[in-house]
Undergrad: 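Dropping a structure here in structure tokens format, bear with me for questions.
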Amino acid sequence: SQLEKRFIQCALLCPKLINIKSQPFKLDISEKNTYTPDFLLTFEDGSQLVVEVKIKARLARHFEKLKIARQLLEAKSIMFFVLTEQEIDRYRQSEIAGEILRYAKSEFDSTLLRAVMDVMASQVDSYVVINDLARLCDCSREAIYHLIAVRRLTLHEDDHFSGDARVYIAQQHEGLDIQAFVRHFDLKSWQTTGDAEESALSVRLPKSKRTGLRKRPKLANTPFVRPKVVRQNQSIPHPLNSLAGGLPQSVERRRPGFAE
């Protein structure tokens, strides 16, 4: 789906992420039903988490299944996240990710890129503005955008994609790799969802708010029969037809059961 595509674009820029696997396995949630997660993410420290991507309006109908899946994954020490368009498109991050990834295939001199990384490593402040970094390295901003796209540099989560944005080296920041994912999407694990949020998800939508096709109006019980007119000796569309057969004649038929 388009929402899953936008999630992958955002996740590709997540620091310390090394693998994204789609529909990685199946979970038996009952005797007859199974659940297949959308994505399994693996990080540099070996930690893993499962991500389910759902449209927020459809989340309530899958709530019970996701709740059981969360419990099964929690027993295996795997964190479980449910992301909707609210988290994926927040702060235009999916749009920004698409703009950044365009620079991933750009080619730059390896010596220049190495010099940029050396300058970043020598900075006292771990965050450097892109425009300032370009002046220090005497390079174009596109070269820095390329380093962001290949995840050697990371865009600050509070900044928009521009020359005034800050970048940093993710490896210099301590913490679990999963925490980097949480900061990247600014979210919390679904396994910490409160009772109030769970009950809100399980509530059915009121009739006035439900979407879908309108109910077709009931047809009349008494059929309407239109009198049928059959034309005999119908003319063929030919210029000599009136000379060959004369004018067409009409005979009107009445409904059965009616007197003449």
Side-chain angles (χ1 to χ4, degrees), residues 1-24 38-49 51 53 83 85 87-186:
S1 65
Q2 290 297 320
L3 187 59
E4 292 177 347
K5 179 181 178 181
R6 297 201 300 272
F7 163 73
I8 293 176
Q9 288 180 333
C10 295
L12 286 175
L13 296 177
C14 180
K16 303 183 180 182
L17 178 67
I18 61 175
N19 187 36
I20 302 176
K21 189 173 183 180
S22 176
Q23 298 183 344
D38 285 335
F39 300 101
L40 174 66
L41 278 63
T42 305
F43 296 87
E44 292 179 356
D45 61 358
S47 57
Q48 293 181 322
L49 59 87
V51 173
V53 177
L83 272 68
E85 67 275 12
E87 292 80 24
I88 296 174
D89 297 331
R90 180 189 295 159
Y91 313 129
R92 296 178 51 247
Q93 62 180 354
S94 61
E95 181 181 348
I96 293 173
E99 296 176 3
I100 295 176
L101 291 174
R102 293 185 303 172
Y103 295 93
K105 296 182 179 180
S106 303
E107 295 184 0
F108 294 92
D109 183 30
S110 59
T111 304
L112 174 63
L113 299 180
R114 194 180 306 112
V116 175
M117 296 303 298
D118 292 340
V119 171
M120 280 294 302
S122 63
Q123 295 299 309
V124 176
D125 189 358
S126 59
Y127 298 102
V128 181
V129 177
I130 292 177
N131 287 333
D132 296 340
L133 182 60
R135 285 193 293 268
L136 288 173
C137 302
D138 192 19
C139 67
S140 63
R141 290 185 300 181
E142 285 72 17
I144 302 175
Y145 295 159
H146 172 75
L147 291 172
I148 299 173
V150 297
R151 292 188 303 156
R152 297 180 65 181
L153 294 177
T154 302
L155 186 69
H156 194 282
E157 55 268 16
D158 294 336
D159 295 345
H160 295 289
F161 181 51
S162 67
D164 297 326
R166 293 167 293 175
V167 293
Y168 64 95
I169 301 176
Q171 284 73 13
Q172 294 180 350
H173 289 246
E174 298 180 355
L176 298 175
D177 292 355
I178 293 182
Q179 293 178 355
F181 174 83
V182 173
R183 291 194 302 268
H184 186 69
F185 281 95
D186 190 18

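Just so you know, these numbers use all the heavy atoms, side chains as well, and skip hydrogens, waters and symmetry mates. None of the values given here were measured: they were computed from a predicted structure.
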Undergrad: Would the distance check show the side chain of Q93 and the main-chain N or O of E87 forming a donor-acceptor pair, the cut-off being under 3.5 Å?
TA: yes
Undergrad: Are F108 and L147 close enough, and set up right, to give a side-chain contact (heavy atoms from CB on, under 4.5 Å), and what steps lead you there?
TA: CA-CA 10 Å; F108 294 92; L147 291 172; over 6 Å; no
Undergrad: Apply side-chain contact (heavy atoms from CB on, under 4.5 Å) to L83 and F185, showing your working.
TA: CA-CA 9 Å; L83 272 68; F185 281 95; 3.8 Å; yes
Undergrad: Looking only at heavy atoms, which two atoms of Q48 and T42 are closest? And how far apart?
TA: NE2-OG1, 3.2 Å
Undergrad: Are the side chain of N131 and the backbone of G163 linked by a donor-acceptor contact shorter than 3.5 Å?
TA: yes
Undergrad: In Å and rounded to the nearest 0.5 Å, what is the CE to CD1 distance from M117 to I144?
TA: 11.0 Å
Undergrad: Can you tell if the side chain of H156 reaches within under 4.5 Å of the side chain of V167, non-hydrogen atoms only?
TA: no
Undergrad: Rounded to the nearest 0.5 Å, what separation is found between the CG atom of D38 and the CD1 atom of I20?
TA: 12.0 Å
Undergrad: Let me confirm one number: the CZ-CD1 distance from R151 to I18, rounded to the nearest 0.5 Å.
TA: 9.0 Å
Undergrad: What's the shortest heavy-atom distance between L155 and A165, and which atoms?
TA: CD1-CB, 3.4 Å
Undergrad: Any luck finding a side-chain donor-acceptor pair between S162 and D164 under 3.5 Å?
TA: no
Undergrad: Not counting sequence neighbours, which residues clear ring pair (Phe, Tyr, Trp, His ring centres under 6.0 Å) with F39? List them please.
TA: F7
Undergrad: Please check if any side-chain donor atom of Q9 sits under 3.5 Å from a side-chain acceptor atom of S94, or the reverse.
TA: no
Undergrad: Check the pair H146, Y103 against ring pair (Phe, Tyr, Trp, His ring centres under 6.0 Å), reporting the backbone distance first and the verdict last.
TA: CA-CA 5 Å; H146 172 75; Y103 295 93; 8.7 Å; no
Undergrad: Suppose the criterion is salt bridge (charged side-chain N to carboxylate O under 4.0 Å, His left out): which pairs have a residue in residues 129-145, not counting sequence neighbours?
TA: D132-R135
Undergrad: Just how far is it from atom CG of D89 to atom CZ of R6, taken to the nearest 0.5 Å?
TA: 4.0 Å
Undergrad: Tell me which pairs pass salt bridge (charged side-chain N to carboxylate O under 4.0 Å, His left out) where either residue lies in residues 112-124, with sequence neighbours left out.
TA: none
Undergrad: Can you name the nearest heavy-atom pair linking C14 to F43, along with the distance?
TA: SG-CE2, 4.2 Å
Undergrad: Restricting to non-hydrogen atoms, name the atom on L17 and the atom on A11 that form the minimum distance, rounded to 0.1 Å.
TA: CD2-O, 3.2 Å
Undergrad: Could you tell me whether the side chain of V119 reaches within less than 4.5 Å of the side chain of L133, counting heavy atoms only?
TA: yes
Undergrad: Check the pair L3, I88 against side-chain contact (heavy atoms from CB on, under 4.5 Å), reporting the backbone distance first and the verdict last.
TA: CA-CA 8 Å; L3 187 59; I88 296 174; 3.8 Å; yes
Undergrad: Side-chain contact test, heavy atoms from C-beta onward, threshold under 4.5 Å: evaluate it for L49 versus F181 and give yes or no.
TA: yes
Undergrad: Name all residues meeting the side-chain hydrogen bond (donor to acceptor under 3.5 Å, both in side chains) criterion together with E95; count only those two or more places apart in sequence or in a different chain, and write none if there are none.
TA: R92
Undergrad: From S122 OG over to L136 CG, what is the distance, rounded to the nearest 0.5 angstrom?
TA: 8.5 Å
Undergrad: What pairs with R102 under side-chain hydrogen bond (donor to acceptor under 3.5 Å, both in side chains), at least two apart in sequence or on another chain?
TA: none
Undergrad: Taking side chain as C-beta onward, heavy atoms only, is R152 less than 4.5 Å from L113?
TA: yes
Undergrad: Quick one: does V116's side chain get under 4.5 Å of C139's, heavy atoms only?
TA: yes
Undergrad: As an exercise, state the distance from CZ of R90 to SG of C10, rounded to the nearest 0.5 Å.
TA: 11.0 Å
Undergrad: Of all residues at least two apart in sequence or in a different chain, which pass the side chain to side chain contact (heavy atoms under 4.5 Å, CB included) check with L13?
TA: A97, I100, L101, H184
Undergrad: Quick one, I178 with D45, criterion side-chain contact (heavy atoms from CB on, under 4.5 Å). Give me CA distance, side-chain angles, the key distance, then yes/no.
TA: CA-CA 9 Å; I178 293 182; D45 61 358; 5.8 Å; no
Undergrad: Please give me the minimum heavy-atom distance between P24 and L40, naming the atom from each residue.
TA: CG-CB, 3.5 Å
